[in-house]
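These notes concern the structure reproduced below.
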Amino acid sequence: MRFMRLLATVLAAILTAALMFGQQITSSGIDRTSLDTSCKPCQDFWRFTNGTWLDKNPIPARYSSWGTLSVISEGNRERLRVILESAAQSTTAKPASNERKLGDLYASCMDTAAIDALGAKPLQPELDRVAAIRSVKDLTATLTAFFRTSPVGPVGLGDTQDLKNSTDVIAEITAGGLSLPDRDYYFKDDARSKQIREEFLKHVAKMFELLGEKPEAAAAASKTVMAFETAFAEVSLTRVQRRDPYSQYHKTDLTGAAALTPHFDWKPVLRQFQLNENVAINIEQPDFVKKFDAQLTAVPLDDWKIWLRWRLLERAAPNLSKPFFDESFHFNSGVMRGVKEQLPRWQTCTALADRAMGEALGEAFVAKHFTPEAKRRMNELVENLRATLRERLESADFLSPATKRNAVAKLNSFAGKIGYPDVWRDYSGLSIERKSYFENVRAAGLHARLYRLGKIGKPLDRKEWHMTPPTVNAYYNPPMNEIVFPAGILQPPLFDVSADDAVNYGAIGAVIGHEMGHGFDDQGSKFDAEGNLKDWWTPEDRKKFDERAACVVDQFNTLEVGDGLHHNGKLVLGEALGDLGGLTLAYRAYQRALGGKPGPVIDGFTADQRFFLSFARAWGSQARPEAVRLLLNTDPHPIPKFRANGTLQNMPEFRQAFQCQEGDPMVRPPAQQCKLW
């Protein structure tokens, strides 16, 4: 076999490579027991890399998918559990300290007996308020109050950077009101979509029955909810439309907002958050806001009351007694994602603590699980990839000198955030009581809303983070022009300070490159170095970029993912470009780090082979059929298998590393290979 002959050659070179480098060989970072050597790497590299591991690690009943990132997340949750249980049991934590609040929050969540004893009583004051609605005036007053206490209405109020003046933080009226994952779920006529709508009707009816409604009335109410939300789905932007930042930028003021909603007064909404009436406001989806106003008088008050009761119940169900919790799980996890079993309670409660007091919990997490050496090493990787991308931009033959200058200026302005914030969030205004779980959840939600809305009209805080330190993820934020890597994702096998450079560049290096690439993908490329929505490309350069992007759209439109399903190429374009550009950049950065020397052969693999193996290992994940369909409909990321194979099919360096030939499934025909930088 061609690959086995290659391995024999590689093994013979190990000693030579070690002597050339004159140093002790570090860990290979590759677990050979995960490989499926019965599958040829040029046939299905994702399967070759992960097959045996996936076979031995089927999806646990409590999850919709399972893979490399799942294992990292599970490990982080175990670490958070230790921190939270210690806080809950502490006898020395000072009153009002973050440790005391975390401990009390966790303990209140774990006290299921107290939660079950209350049933739906915690929700009763808001249900009573809805029941008391007798006029449109009552309805608008209730919706106004709910902006603060329980934001369940069709429209919301948030904060956002002004996309065309990124140093300003302004208010934003957002579109929502849909209980299903996406507007298309209300209209698609395939068998699965019809089944989901049928199950949704049963789910809503069951929830009303748990509140005491008779089955006939509950069934009728569920149809009212469906009709109510379908009307809003009709005027909601699609996920592909929302990928264009211009489609959601409509800056105005209070007068402009009032013109869209003659039946709804925004002044009381602003006042309850101490916001000035002269505040600038972005309208995310004007047609949706107009529909909201029209429905205030067009929809019978009884229908509004049914829908508001439903939304209050849906939002609160995970924090109510077991019957409500179980029914919420049945639909949202079981029907929609195929999950068979609920998470153990401690996992639910660690997730709650991370959402409610993420930076307080994160501060304890990084003190124990993220070293200064790890941060130093990550900084090195980031700067090497930045230097490499700068070289690629400067040498890009399809860009004019003017566009190159703008692109390099943007890259040079990237802010890199690694591990954790420089300044931790203040939770002194958050009150937590050990015996008041539902109230704790509400208090945390209000504290977060006040924090976000309190930024409006204030100087932009460039030190702020939008993920908590334990999170297994990373992001690029166009208006901030920043790349952010929480400590949670900086764990083996994605990042290992003891491993060889090849695997770190192949795994976390590709993630770094991916996030950098978002600054220049179909969305990020519309923002300049200061984070402003501004066209800094020449028309000719933009046309050439769009032609390269169209190659990726076509590739993912035609990739068969099973059961006759395909990706929506336009939906996954940004993430697929990030993967292709990121891996290409990481490979070149690794070569740059070698300084012209050959990479070491370790554990039977060349450096290039280990680079690509570590990349594919990051996407070693499998999902239940229900979850796959949900991801294809709603997730801008490709399915993990195709994040690996679809990206590698375009890389000549991969083909060379594993001696693949034209015609092999892992090699796209040269004329069809996509290239970004």
Side-chain angles (χ1 to χ4, degrees), residues 158-170 172 242-246 248-249 251 282 378-379 381-394 396 399 402-423 452 455-456 458-467 471 473-486 489 509-538 541-542 545 549 573-575 577-579 581-582 585-586 589 636 676-677:
D159 67 289
T160 186
Q161 285 176 255
D162 184 339
L163 296 188
K164 291 190 176 181
N165 189 7
S166 63
T167 59
D168 289 352
V169 181
I170 64 175
E172 182 169 60
R242 279 152 44 199
R243 285 192 50 73
D244 179 4
Y246 287 98
Q248 297 177 89
Y249 183 74
K251 184 180 175 182
N282 181 57
M378 267 297 293
N379 272 310
L381 289 165
V382 167
E383 291 311 313
N384 191 25
L385 267 87
R386 189 199 300 262
T388 304
L389 180 53
R390 186 181 299 114
E391 293 172 354
R392 300 308 304 170
L393 291 171
E394 290 173 342
L399 295 181
T403 302
K404 286 181 183 180
R405 284 193 299 271
N406 289 329
V408 170
K410 179 172 185 175
L411 175 65
N412 291 341
S413 298
F414 272 7
K417 297 179 178 178
I418 296 170
Y420 51 88
D422 293 331
V423 178
R452 292 193 302 269
K455 296 185 295 181
I456 295 171
K458 307 279 180 60
L460 178 66
D461 180 7
R462 292 197 174 274
K463 295 181 179 180
E464 183 184 23
W465 281 51
H466 298 290
M467 284 181 181
T471 303
N473 209 333
Y475 67 90
Y476 170 75
N477 184 350
M480 293 286 279
N481 198 27
E482 64 182 7
I483 49 176
V484 184
F485 307 96
I489 199 175
V511 174
I512 297 169
H514 175 103
E515 301 306 337
M516 286 186 173
H518 276 319
F520 304 96
D521 68 13
D522 62 311
Q523 282 184 314
S525 62
K526 296 175 181 177
F527 292 82
D528 66 12
E530 284 73 45
N532 295 311
L533 187 58
K534 180 180 179 181
D535 189 3
W536 49 269
W537 296 65
T538 67
D541 290 349
R542 173 58 71 178
F545 174 88
L573 174 59
E575 300 298 334
L577 285 173
D579 287 337
L585 177 61
L676 189 54
W677 307 112

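Computed from a predicted structure; not experimentally measured.
Every residue was checked against the side chain to side chain donor-acceptor pair (under 3.5 Å) condition with Glu394, not counting sequence neighbours, and none meets it. Listed by chain and residue number, nothing satisfies the ring-ring contact (aromatic ring centres under 6.0 Å, His included) test with Tyr475 (two or more places apart in sequence, or in another chain). The salt bridge (charged side-chain N to carboxylate O under 4.0 Å, His left out) test applied to Arg243 returns Asp522, not counting sequence neighbours. Looking at residues two or more places apart in sequence or on another chain, you find a salt bridge (charged side-chain N to carboxylate O under 4.0 Å, His left out) between Glu383 and Arg386. Taking the side chain to side chain donor-acceptor pair (under 3.5 Å) definition, one finds that Arg452 meets it with nothing, sequence neighbours left out. Every residue meeting the side-chain contact (heavy atoms from CB on, under 4.5 Å) condition with Arg242, not counting sequence neighbours, appears here in chain and number order: Asp182, Leu237, Arg239, Gln248, Gln285. When the salt bridge (charged side-chain N to carboxylate O under 4.0 Å, His left out) test is applied to Asp162, the partners found at least two apart in sequence or on another chain are Lys251. The salt bridge (charged side-chain N to carboxylate O under 4.0 Å, His left out) check on Glu575 picks up nothing, with sequence neighbours excluded. For Ser413, the side-chain contact (heavy atoms from CB on, under 4.5 Å) partners at least two apart in sequence or on another chain are Asn481, Ala529. Residues satisfying the side-chain contact (heavy atoms from CB on, under 4.5 Å) test with Ala409, not counting sequence neighbours, are none. Residues passing the side-chain contact (heavy atoms from CB on, under 4.5 Å) test with Leu676 are Phe545, Leu577, sequence neighbours excluded. Partners of Asp541 according to the side chain to side chain donor-acceptor pair (under 3.5 Å) rule, which considers only residues two or more places apart in sequence or in another chain, are Ser400, Thr403, Thr538.
Residue Asp521 holds its CG atom at 8.0 Å from NE2 of His514, rounded to the nearest 0.5 Å. In this structure, Arg392 CZ and Lys404 NZ are separated by 10.5 Å, a value rounded to the nearest 0.5 Å. Between Ile418 atom CD1 and Ile512 atom CD1 the span is 7.0 Å, to the nearest 0.5 Å. The line from CG of Leu399 to CZ of Arg542 is 10.5 Å long, rounded to the nearest 0.5 Å. Rounding to the nearest 0.5 Å gives a distance of 8.0 Å between CD of Glu482 and CZ of Arg462. Taking CG from Leu393 and CG from Asn406, the interatomic distance works out to 11.0 Å, rounded to the nearest 0.5 Å.
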* Would His518 and Gln523 count as a side chain to side chain contact (heavy atoms under 4.5 Å, CB included) if you check the C-alpha gap in whole Å, the side-chain angles of each, and the deciding distance to 0.1 Å? -> CA-CA 7 Å; His518 276 319; Gln523 282 184 314; over 6 Å; no
Practice task
Please test Lys526 against Leu533 for side chain to side chain contact (heavy atoms under 4.5 Å, CB included), starting from the C-alpha separation and ending with a verdict.
Solution key: CA-CA 6 Å; Lys526 296 175 181 177; Leu533 187 58; 3.9 Å; yes
- [ ] Kindly determine whether Thr160 and Ile170 satisfy side chain to side chain contact (heavy atoms under 4.5 Å, CB included), including the steps that lead there.
- [x] CA-CA 6 Å; Thr160 186; Ile170 64 175; 3.7 Å; yes
Might you work through the side chain to side chain contact (heavy atoms under 4.5 Å, CB included) test for Val484 and Met467, ending with a clear yes or no? CA-CA 9 Å; Val484 184; Met467 284 181 181; 5.7 Å; no
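Contact annotation: the side chain of Leu163 approaches that of Phe527 to within less than 4.5 Å [non-hydrogen atoms, C-beta and beyond]. Proximity of Lys455 to Asp461: side-chain heavy atoms (C-beta onward) are nowhere separated by under 4.5 Å.
At most 12 heavy atoms of other shown residues, nucleotides or ligands fall within 6.0 angstrom of atom NZ in Lys534. Atom OH of Tyr476 has more than 12 neighbouring heavy atoms from other residues, nucleotides or ligands inside a 6.0 Å radius.
The two atoms that bring Gly531 and Ser166 nearest to each other are O-CB, 3.5 Å, heavy atoms only. Between Leu573 and Ala549, the shortest heavy-atom contact is CD1-O, 3.5 Å. In this structure, Thr167 and Leu460 approach most closely via the heavy-atom pair O-CB, 3.6 Å.
The backbone N or O of Trp465 lies less than 3.5 Å from no partner atom in the side chain of Lys417, so there is not a single donor-acceptor pair.
Below 30°, between 30° and 60°, or above 60°: for Trp536 and Phe520 the angle between ring planes is above 60°, a perpendicular geometry.
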